[in-house]
Amino acid sequence: MKKLFALLLAFSCLFLTACNQNPADSTTGTGTGTGNPQNPVTPNELELKDTIVSNITRDFIDLPSRVVYEQGMVYYYSKADGKAYVYCFDPLCEHNDGYCLANPSNMETIGFSFGYTFFINNRFYYHTGFGQIISFAFDGTDKKIEYDAEYDNDAIFGNPWGHCMAVGPYIYIDLRSYASEDGKAHTLRFNVETGEMEDLTEKTGNYISPSYFYNGMLYGYNSTPGYLKSDLNLNSCEEIEQLYSSRFSSGSRFLRIVCEQDGIAKISAYNMQTEALETYEIPGLEKSSNIICVDDEHIYFYQKEIIYLGDRWYKDELKPYNKTNNGSIYRINLDGTGLVCIYEEDEFEITGQEAVIAGDKILIEGHNIRIRDNQVETWDSGVLVGTIGADGKIDELKPVEVVE
């Protein structure tokens, strides 16, 4: 499944409803926050105390009353009734007119851009990579070019703008060296409220390629001297020993599960507040693992394991098919205690990189898989949902019911 990070990131802040559905969330989230789908944050706050703000690719966007995901079309899962609906606001829309937000093939027309879309002050903003910042309303209307650097794109090899991050009303942009007048990389900052584009490097002499924000500070890197942190105006840059990050975080801590050479698995938690690496051994775990979800008390993960299942037809020839995991989902406390397998099914494979816990439900991407007639067969592929019982175990995983 092709992941549309920018599309999902933009939808994460919508506060309206889909066609003829229930009222929208009264609290908005962004997906630009902790790296944890269970804790969306608001980017309109410049400083979130002890909270990491980072733009991370994800499979789901978790809102107070719904979960947004892409599966051919863009859907939202309603936490109220446990069903999914097409994320479209026009009850007469057929989703194929080139402008429907729910249709990923309309991205070029609507303007969503992979990895570079933000929701700020009730509007979407994205940069094209070629020096334009474009905004539009929640439903794709009122499209405006907010800023145009007017680069001579025929004379530039590649996109002038690289990685970008958003916090408050600001979008920080990495201007690549081959596109700048002095041949050096610059940090740009666009204020969506004033429409002003600032060259912070020109003003301060400092440059940072942005990675994330923490407590009102920008963290990133520079080819020389290396890893840096700075105030949001780049007035005071400070070299740091390392730039620790990971796909998931909880509050001030980046979280990973690592497996040492001695076969001992550990939770590796870098605490931004104390600037210290905390490690917690996981008794009984001896394989490399991928975190898929974090809540206030637990880390959910699966173990990486290559399992030859059989041969499968691919482009008119039989090729070996290897499962990447054994289909089991595990849960552990944040301090490394309480390891338990909450779902175990041999004829299952996790295919996504994230999951969402919504009340007593879990949503995850995967498929059922088995050998039939000497060939690999899959079914029920896509977003699946299961109920977490009082004992913490998942009864079964089945496709989300979609209401057309």
Enquirer: Would you check if the side chain of Ser78 reaches a backbone N or O of Gly82 as a donor-acceptor pair within less than 3.5 Å?
Expert: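 Checking the backbone N and O of Gly82 against the side chain of Ser78, no donor-acceptor pair under 3.5 Å is found.
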Enquirer: Is it the case that the side chain of Asn271 and the backbone of Gln273 share a donor-acceptor pair, with hydrogens and angles ignored and the cut-off at 3.5 Å?
Expert: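 Checking the backbone N and O of Gln273 against the side chain of Asn271, a donor-acceptor pair under 3.5 Å is found.
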Enquirer: Any ion pair linking Glu377 and Arg370 (charged N to carboxylate O, less than 4.0 Å)?
Expert: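 The answer is yes: the pair qualifies as a salt bridge.
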Enquirer: May I ask you to check whether Tyr270 and Phe254 place their ring centers less than 6.0 Å from one another?
Expert: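 Between Phe254 and Tyr270, which both carry aromatic rings, the centre distance is not below 6.0 Å.
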Enquirer: Side chain to side chain contact (heavy atoms under 4.5 Å, CB included) with Glu193: which residues, sequence neighbours excluded?
Expert: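 Residues passing side chain to side chain contact (heavy atoms under 4.5 Å, CB included) with Glu193: Asn121, Pro169, Asn191.
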Enquirer: Out of Cys164, Ser209, Pro210, which residue meets the side-chain contact (heavy atoms from CB on, under 4.5 Å) rule with Ile173?
Expert: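 Going through Cys164, Ser209, Pro210 one by one, the side-chain contact (heavy atoms from CB on, under 4.5 Å) with Ile173 is satisfied by Cys164 alone.
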Enquirer: Return the set of residues passing side chain to side chain contact (heavy atoms under 4.5 Å, CB included) with Ile306 (not counting sequence neighbours), or none when no residue passes.
Expert: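 Ile306 satisfies side chain to side chain contact (heavy atoms under 4.5 Å, CB included) with Asn322 once adjacent residues are dropped.
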Enquirer: Cation-pi check, Arg372 to Trp379: give yes when NZ or CZ is under 6.0 Å from the six-membered ring centre and within 45° of the ring axis, no otherwise.
Expert: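 Relative to the ring axis of Trp379, which defines the angle, Arg372 lies outside at least one limit.
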Enquirer: Determine, for Tyr244 and Arg253, whether the Lys NZ or Arg CZ falls below 6.0 Å from the six-membered ring centre while staying within 45 degrees of the axis.
Expert: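 Cation-pi check for Arg253 and Tyr244: fails.
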Enquirer: Contact between Asn326 and Ile307 at the side-chain level, heavy atoms closer than 4.5 Å - yes or no?
Expert: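 Touching, per the 4.5 Å side-chain cut-off.
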Enquirer: Checking Arg189 against Glu198 for the salt bridge (Lys or Arg N to Asp or Glu O under 4.0 Å) test, could you report, in this order, the C-alpha distance in whole Å, the side-chain angles of both residues, the deciding distance, and whether it holds?
Expert: CA-CA 5 Å; Arg189 183 175 70 181; Glu198 300 175 88; 2.9 Å; yes
Enquirer: Is it the case that the ring center of Tyr221 lies less than 6.0 angstrom away from the ring center of Tyr227?
Expert: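 No.
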Enquirer: Salt bridge check: are Lys229 and Glu239 linked by an N-O gap of less than 4.0 Å?
Expert: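 Not counted as a salt bridge, because no side-chain N and carboxylate O are separated by less than 4.0 Å.
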Enquirer: Do Tyr172 and Phe213 have ring centres separated by under 6.0 Å?
Expert: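 Close enough - the centres of the two rings lie under 6.0 Å apart.
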